[in-house]
Amino acid sequence: MKGKWLVKTQLLFVITMLTAVIGHKLKFIPFEFLVYLFALALIGLLLVGVVSVCIVLWKVVRGGDVKGAFIQSVIAVIIVGFPLGSMLLSVGSAGFKAPKIHDITTDVVNPPLFNKALDLRSKSENTLVYPGEPNITLQQQAYPDIKPLYLDYSVADSYALVQKAVQNMGLETVSDDPAQFILEAVEETVLIGFKDDMVVRVLSHGEGSVIDVRSVSRVGVSDLGANAKRIRRFFMELKKLQ
C-alpha cells in the first residue's frame, strides 16, 4: 500500500520519544537532551501528520486512490494523537495555565528547608534556595488555598501522621528526623521520570501543631501545577488519617 512511509516515519519519531524517556529514567540521557529529542520527535510527528492530510486532499482533487491514502492518513493522525493526547490528559488544562514557578510552599515567609535533597540534586538542576518575590505573588495568585495545616494533635502525634501519609502516597522517604520533626521525600513521575522533592515540617502551635510543606521540581521553569497538587494530596491524606 502506497503511503506506508508516513506510518513508518511517524513510528520512527515515536521510537525516538520512547528512547528519550526510557534513557532519562535510566539516567543515561540528561534532562536537557531529553527536551531536545522530545521536541524534535513531536514536531516531526506533527509535520508528517499534516503531510498525510495534504496527501488525502491531493488524492481527492486528482481522483487517485483516496481510500488507501485515507487509511494511511487516519493511521498517521492516530499516531500523532497518542503522544499529544497522553500529554494533555496527564497535565490537564489547568496545568498549562499554571504560572512559571516550580517552588511551592505553605509558608512563604519561613519556608521549610531541605537538607538531604541538596545532595540528590546536580548542579544543572533547579536550586533549592527559596526564590522569594515574584514567586510568592505568583503562588498566592494561582494557589491561594496552599496554606499551613493546623492540627489539634501534639507535634509527635502529628509527625506520626505525616510519616504514614507519605507512605500511603507512595513517596520515597529520603530523610526522616523524628527529633527535629522534619521529613524529606521524593516523588517520580511514571511517564517520563521527572523527580520532585518535598519537605514536611511539624512545629508546635498553641496546644496543637502546625504542618508546613514545600515541594520543588528538580527541572523545568514551570511545574505545570504538579507541586501544588502534591501538597493538596498530602493534606487530604493527612485528613483521612485523623
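All values below were derived from every heavy atom in this structure, side-chain atoms included, with hydrogens, water molecules and symmetry-related copies excluded.
Counting non-hydrogen atoms of neighbouring residues, nucleotides and ligands closer than 6.0 angstrom, the CD atom of E207 reaches no more than 12 such neighbours.
A salt bridge links R121 to D197: one of the charged nitrogens lies within less than 4.0 Å of a carboxylate oxygen. D107 has a carboxylate O that lies under 4.0 Å from a charged side-chain N of R201, or vice versa, which qualifies the two as a salt bridge.
For S217 (side chain) and D223 (main-chain N/O), no donor-acceptor pair under 3.5 Å exists by modelled atom type. Using a distance-only test at 3.5 Å, with no hydrogens or angles considered, a donor-acceptor pair links the side chain of S154 to the main chain of D157.
Summarising the geometry of A117 relative to E184, their closest heavy-atom pair is N-OE1, 3.0 Å, with the distance given to 0.1 Å. Shown here for V129 and R214, the closest heavy-atom pair between the two residues is C-NH2, 3.9 Å. Residues V166 and A185 approach most closely at CG1-CB, 4.0 Å, considering heavy atoms. K116 approaches V174 most closely through the heavy-atom pair CG-O, 3.6 Å.
Residues satisfying the salt bridge (Lys or Arg N to Asp or Glu O under 4.0 Å) test with R230, not counting sequence neighbours, are E187, D196.
Side-chain contact annotation: D177 with Y159, donor-acceptor N/O pair under 3.5 Å absent. Side-chain N/O atoms of T137 and Q141 include no donor and acceptor closer than 3.5 Å.
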